[in-house]
**Student:** 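So that we are looking at the same thing, I have put the structure below in structure tokens.
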Amino acid sequence: MSKKLISIVVPIFNEEENIFALYQALQSVFKEIALSYNYELILVDDGSKDKSWQLMKELAAFNSCIKILSFSRNFGHQMALTAGYDAARGDAIITIDADLQDPPSVILAMIKEWQKGFYIVYARRITRKDSLLKKFVANVYYRILHLIADVAIPRNVGDFRLIDRAVLNGVQSIRETTCYWRGMIAWTGFAHTFVDFKREQRAGGIPGYTWKKSFKLGIDGITGFSSFPLEIAAYVGFFVIITGSLMLAYITYDAVINAIYYPLFKWLTTIVYIFMGVQFLLMWLIGEYIGRIYMQQKQRPLYLIKEEKGLEKKIHEDNAYSPKNSARDICCSSADRPNTSSSTFE
Ligand code: UDP
Ligand code: MG
């Protein structure tokens with residue numbers, strides 16, 4: 001029986017200082033992997049301005065297991081992951097940062113968990129050596145996201161993870177421009193587990209993730225996986241209508257029972273206040289419709305199948321939104337994993 005294939009995907013943006021160190025660190029991991037599996041290393045250059053691409057070409061010339069591709073410009077980390085996932089042919093696909101903040105040795109522990117039958121193995125940070133401000137902002141953000149997201153996105157995990165081919169097949173048909181892989185992987189709902197690790201400082205160079213990019217990623221996470229922002233108008237609307245109605249009831253009681261005189265502007269202010277609440281409710285209603293259009297246009301599969309037996313036809317070909325999706329294998333059981341024997345790299 002041919003060996004299964006492990007793909008390792010590394011997004012690279014201005015990492016000339018780290019590429020060789022990363023490759024060296026991966027070497028010992030490859031030696032271990034090669035005992036039981038074939039492997040491929042996919043390096044995605046996300047429009048680097050330094051010598052990264054040059055170094056990647058040198059590595060690829062030296063080792064045929066290394067596949068490289070380069071973007072025309074910087075499309076962002078998440079798109080680099082998308083390209084890496086598209087290029088990967090492995091039965092398991094591992095994504096890891098290039099700056100050695102994600103220790104390559106953890107990969108072996110991830111593969112062990114995958115062998116046990118887990119479809120998703122997240123590398124979870126138990127400590128992280130980043131600036132205090134970054135740690136604080138990340139902590140607050142992930143707490144909020146955890147609270148409001150419609151799917152349970154695990155905390156203290158980044159994009160260092162292993163996914164089974166079945167998981168990738170489930171999400172690969174989804175081509176969202178505001179891509180948030182952490183959310184998409186969690187959305188699939190396949191059995192997952194964690195491998196803990198200590199996150200060090202980046203080995204060299206400066207972070208490619210500026211505050212602006214991190215902010216955009218954060219917004220993509222919230223808007224892609226939570227309907228809470230749309231519901232805010234409803235909460236404000238109900239609050240305003242309830243408090244306005246109580247005010248109106250009070251002044252009406254005072255005027256009728258206690259014969260207190262309220263000038264016209266006080267009546268008008270109260271009524272206008274209540275109508276502001278009605279406006280908020282109408283905004284929420286419009287938001288709900290727009291939200292539904294937004295979710296529909298994402299064209300996520302309606303459901304994913306883990307296993308199927310005895311079915312006369314492949315029902316997953318009917319449950320996709322578009323013909324493009326139906327052409328793809330949306331769901332794939334472990335028994336259906338693609339035969340990767342043609343992609344052997346010893
Ligand atoms: N990266 C990328 N495109 C970008 C920014 C970053 O491909 O626009 C890569 C980068 O080379 C690294 C990974 O994404 O391999 C994580 O980036 P970084 O270390 O800057 O993020 P941080 O660890 O600070 O969250
Ligand atoms: Mg980093």
Side-chain angles (χ1 to χ4, degrees), residues 7-26 29 41-56 59 66-88 93-104 106-107 122-142 145 153-162 177-183 185 197-221:
S7 302
I8 297 176
V9 171
V10 190
I12 290 177
F13 180 59
N14 296 341
E15 301 282 8
E16 62 182 6
E17 289 183 37
N18 300 320
I19 287 179
F20 279 130
L22 173 78
Y23 180 64
Q24 267 170 355
L26 281 171
V29 175
L41 175 63
I42 298 169
L43 304 174
V44 183
D45 173 26
D46 183 15
S48 296
K49 295 258 187 290
D50 64 359
K51 290 200 208 104
S52 294
W53 178 239
Q54 192 55 39
L55 299 176
M56 285 162 68
L59 280 180
I66 300 181
K67 316 287 168 64
I68 55 171
L69 62 109
S70 172
F71 283 173
S72 57
R73 66 166 170 85
N74 179 241
F75 281 92
H77 177 220
Q78 298 295 303
M79 281 304 151
L81 291 181
T82 305
Y85 279 140
D86 286 345
I93 303 99
I94 296 159
T95 45
I96 181 170
D97 285 358
D99 57 5
L100 291 167
Q101 283 196 286
D102 303 335
V106 175
I107 288 176
Y122 295 107
R124 180 169 52 192
R125 305 178 279 249
I126 46 170
T127 56
R128 63 186 287 179
K129 283 191 185 153
D130 279 313
S131 73
L132 271 181
L133 183 64
K134 187 166 181 175
K135 276 200 263 194
F136 174 74
V137 174
N139 202 350
V140 172
Y141 173 77
Y142 284 112
L145 185 65
I153 300 174
R155 280 172 57 191
N156 298 325
V157 302
D159 284 304
F160 185 22
R161 68 181 157 252
L162 176 153
T177 48
T178 52
C179 189
Y180 189 69
W181 276 105
R182 267 162 249 187
I185 304 290
F197 77 104
K198 289 183 182 153
R199 189 163 159 97
E200 298 296 328
Q201 273 165 337
R202 71 168 19 246
I206 49 165
Y209 256 106
T210 54
W211 281 101
K212 194 176 157 195
K213 282 184 190 173
S214 302
F215 181 75
K216 187 185 168 298
L217 183 70
I219 295 291
D220 288 349

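Residues take their numbers from the sequence shown, with the count starting at 1. The figures here come from the full heavy-atom set of this structure, side chains too, leaving out hydrogens, waters and symmetry mates. Note that ligands are numbered from 1 as they come in the structure, with each ligand's atoms numbered from 1 the same way.
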**Student:** Using a cut-off of 6.0 Å, state whether more than 12 heavy atoms not belonging to Phe20 lie near its atom CZ.
**Tutor:** yes
**Student:** Does the Lys NZ or Arg CZ of Arg73 fall within the cation-pi geometry relative to Phe71 - under 6.0 Å from the ring centre and within 45° of the axis?
**Tutor:** no
**Student:** Out of all atoms in ligand 1, which are within 4.0 Å of some heavy atom of Asn74? Include the element for each.
**Tutor:** 3 (N), 4 (C), 8 (O)
**Student:** Go through the steps for Arg161 and Arg182 under the test side-chain contact (heavy atoms from CB on, under 4.5 Å), then give the verdict.
**Tutor:** CA-CA 9 Å; Arg161 68 181 157 252; Arg182 267 162 249 187; 4.0 Å; yes
**Student:** Can you tell me the protein heavy atom closest to atom 22 (P) of ligand 1 and the distance?
**Tutor:** Lys134 NZ, 3.6 Å
**Student:** Only heavy atoms of Glu15, strictly under 4.0 Å: list the atoms of ligand 1 that pass.
**Tutor:** 10 (C), 11 (O), 12 (C), 15 (O)
**Student:** Among protein heavy atoms, which lies nearest atom 14 (O) of ligand 1, and at what distance?
**Tutor:** His77 CD2, 3.1 Å
**Student:** Near the Mg ion (ligand 2), is there an N/O/S atom from Gln101 that is less than 2.8 Å away?
**Tutor:** yes
**Student:** Taking 4.0 angstrom as the limit and counting only heavy atoms of Asp99, give me the atoms of ligand 1 inside it, by number and element.
**Tutor:** 19 (O), 23 (O)
**Student:** For atom 17 (O) of ligand 1, what's the nearest protein heavy atom and its distance?
**Tutor:** Tyr209 CD1, 3.6 Å
**Student:** What N/O/S atom of Asp99 gets nearest to the Mg ion (ligand 2)?
**Tutor:** OD2
**Student:** Any atoms of ligand 1 less than 4.0 Å from a non-hydrogen atom of Asp97? List them with their elements.
**Tutor:** 13 (C), 15 (O), 16 (C), 23 (O)
**Student:** For the ring pair Tyr209 and His77, is the centre-to-centre distance below 6.0 Å?
**Tutor:** yes
**Student:** If we count only N and O atoms by modelled type, under 3.5 Å, do the side chains of Asp220 and Thr178 hold a donor and an acceptor together?
**Tutor:** no
**Student:** So which protein heavy atom does atom 6 (C) of ligand 1 come closest to, and at what separation?
**Tutor:** Phe13 CB, 4.0 Å
**Student:** Near Arg202, which atoms of ligand 1 are under 4.0 Å from a heavy atom of that residue?
**Tutor:** 18 (P), 19 (O), 20 (O)
**Student:** Can you tell me if Lys135 has over 12 outside heavy atoms packed within less than 6.0 Å of its NZ?
**Tutor:** yes
**Student:** Working to the nearest 0.5 angstrom, can you tell me the gap between Leu59 CG and Gln54 CD?
**Tutor:** 11.0 Å
**Student:** Below 4.0 angstrom from a heavy atom of Gly208, which ligand 1 atoms are there? Numbered from 1 as shown, please.
**Tutor:** 5 (C), 20 (O)
**Student:** Verify the neighbour count for atom CG of Leu132: are there more than 12 heavy atoms of other residues, nucleotides or ligands below 6.0 Å?
**Tutor:** no
**Student:** For Arg202, is there an ion pair with Glu17 - N to carboxylate O distance below 4.0 angstrom?
**Tutor:** no
**Student:** Could you check atom 8 (O) of ligand 1 against the protein and tell me its nearest heavy-atom contact, residue, atom and distance included?
**Tutor:** Lys213 NZ, 2.7 Å
**Student:** Please list the nearest protein heavy atom to atom 4 (C) of ligand 1 with its residue and the distance rounded to 0.1 Å.
**Tutor:** Asp46 OD2, 3.4 Å
**Student:** Can you tell me how far apart CD (Gln201) and CG (Leu100) are? Round to the nearest 0.5 Å.
**Tutor:** 13.0 Å
**Student:** Please state which protein non-hydrogen atom is closest to atom 9 (C) of ligand 1 and give its distance, to 0.1 Å?
**Tutor:** Pro11 O, 3.8 Å
**Student:** Rounded to the nearest 0.5 Å, what separates atom OG in Ser52 from atom CD1 in Ile19?
**Tutor:** 4.0 Å
**Student:** Is there a polar contact, in the sense of an N or O pair closer than 3.5 Å, between Ala98 and ligand 1?
**Tutor:** yes
**Student:** Which atoms of ligand 1 have any heavy atom of Pro207 under 4.0 Å away?
**Tutor:** 20 (O), 24 (O)
**Student:** Could you tell me whether ligand 1 has any atom less than 4.0 Å away from a heavy atom of Arg128?
**Tutor:** no
